[in-house]
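Below you'll find the structure, written out as structure tokens, and then a few comments.
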Amino acid sequence: MSSVDTMSIFNIIILISLVTAQSNTYDLDFTSVVKNLQDELHRLKIQVENLEESHKTCVSSLKSFGLLPRKRLLLPENDQSNHVAFSAHISSGFTAASLGKGHEVVYDVSDTNIGNGYDNVTGTFRAPSAGVYAFTWTICADNHGEIEIELVINGRRRGVSHVDSEITSDLDCSTAFVIEKVSVGDFVFIRSKSAGEGLFMSDGRARWAFSGWKLF
């Protein structure tokens with residue numbers, strides 16, 4: 001073997017040794033990095049556990065002193081299943097003789113009827129859902145008109161009002177208001193308690209009206 005070949009082999013051996021040493025150094029560096037990351041993750045995990053424990057302690061203390069805010073109860077934005085409201089009026093004036101005693105008053109013009117509970121043919125409102133309702137009605141007398149009117153819920157009188165116009169060209173209006181708990185299907189209407197006398201006004205000056213709406 002020539003001296004040149006011997007030198008080449010020697011150089012190759014040295015090169016292999018250097019590469020191997022450098023590879024071992026990289027392996028050691030990578031292992032160290034992984035170990036450091038594992039240690040850091042473990043430290044962060046302990047911090048999170050400590051924070052969770054502190055949060056529980058704070059919440060418990062606030063509850064004991066009644067300092068936590070109450071949650072707001074929100075109804076669905078588009079939920080209209082419980083929305084009920086109606087308003088109706090009589091389209092023109094009439095006489096006491098045309099109404100009589102113990103007769104239901106028919107408010108023939110339906111201005112609002114959310115929930116479709118009011119019938120402008122019969123004058124009766126039937127509750128489409130249970131709840132607490134508000135009812136109001138207005139009556140107006142003209143030219144010696146006088147009458148007593150009552151609100152009836154399921155056959156029971158729940159409110160009463162009265163008008164009396166004493167002199168010619170005089171007029172008198174009365175408005176009443178009632179709040180009642182109502183069940184599904186309960187019927188509500190206005191009825192004449194007395195036969196009355198004279199004329200009753202329902203026009204552009206003032207008119208007979210009947211309204212109701214669900215409070216909750």
(message) How about CZ on Arg156, more than 12 heavy atoms from neighbouring residues, nucleotides or ligands closer than 6.0 Å, or not?
(response)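 No, CZ of Arg156 has 12 or fewer neighbouring heavy atoms, counting only those of other groups under 6.0 Å.
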What distance do [X] atom [atom1] and [Y] atom [atom2] have between them, rounded to the nearest 0.5 Å?
{"X": "Phe189", "Y": "Glu150", "atom1": "CZ", "atom2": "CD", "value": "8.0 Å"}
{"X": "Asp164", "Y": "Asp170", "atom1": "CG", "atom2": "CG", "value": "9.0 Å"}
{"X": "Asp119", "Y": "Asn113", "atom1": "CG", "atom2": "CG", "value": "9.0 Å"}
{"X": "Asn82", "Y": "Lys214", "atom1": "CG", "atom2": "NZ", "value": "4.0 Å"}
{"X": "Ser91", "Y": "Asn120", "atom1": "OG", "atom2": "CG", "value": "10.0 Å"}
{"X": "Glu104", "Y": "Thr124", "atom1": "CD", "atom2": "OG1", "value": "3.5 Å"}

Closest heavy-atom pair and its distance - [X], [Y]:
{"X": "Ser194", "Y": "Glu148", "result": "OG-N, 3.1 Å"}
{"X": "Glu146", "Y": "Ala141", "result": "N-CB, 4.4 Å"}
{"X": "Ser129", "Y": "Val84", "result": "OG-CG2, 3.8 Å"}
{"X": "Ile149", "Y": "Ser192", "result": "CD1-CA, 3.7 Å"}
{"X": "Cys173", "Y": "Ala206", "result": "SG-CB, 3.8 Å"}

(request) Would you please classify the geometry between the Trp208 ring and the Tyr107 ring as parallel, tilted or perpendicular, with 30° and 60° separating the classes? (result)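 Tilted: the ring planes of Tyr107 and Trp208 meet at 30° to 60°.
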(message) Parallel, tilted or perpendicular, judged at 30° and 60°: which one describes the rings of Tyr118 and Phe210?
(response)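 Ring orientation, 0 to 90° scale: perpendicular.
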(message) Suppose we screen for ring-ring contact (aromatic ring centres under 6.0 Å, His included). Which residues come up paired with Trp137, at least two apart in sequence or across chains?
(response)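 In terms of ring-ring contact (aromatic ring centres under 6.0 Å, His included), with neighbours along the sequence ignored, Trp137 is linked to no residue.
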Are the side chain of [X] and the backbone N or O of [Y] linked by a donor-acceptor pair below 3.5 Å?
{"X": "Asp203", "Y": "Arg207", "value": "no"}
{"X": "Ser183", "Y": "Asp186", "value": "no"}
{"X": "Asp108", "Y": "Val121", "value": "no"}
{"X": "Ser202", "Y": "Ile90", "value": "yes"}

Find out if a path of hydrophobic residues (ILVMFWY) with successive side-chain heavy-atom gaps under 4.5 Å connects [X] to [Y].
{"X": "Phe216", "Y": "Tyr133", "answer": "no"}
{"X": "Met201", "Y": "Phe94", "answer": "no"}
{"X": "Val106", "Y": "Ile139", "answer": "no"}
{"X": "Ile153", "Y": "Phe86", "answer": "yes"}
{"X": "Val182", "Y": "Ile179", "answer": "no"}

(request) Give the intermediate values and the outcome of side chain to side chain donor-acceptor pair (under 3.5 Å) for residues Ser211 and Ser87. (result) CA-CA 4 Å; Ser211 303; Ser87 183; 2.9 Å; yes
[Y] and [X], any side-chain heavy atoms less than 4.5 Å apart:
{"X": "Arg126", "Y": "Phe187", "result": "yes"}
{"X": "Gln47", "Y": "Arg43", "result": "yes"}
{"X": "Ser165", "Y": "Asn143", "result": "no"}

(message) Please identify which of these residues, Val188, Val160, Leu151, meets the side chain to side chain contact (heavy atoms under 4.5 Å, CB included) condition with Val178.
(response)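 It is Leu151; the other options fail the test.
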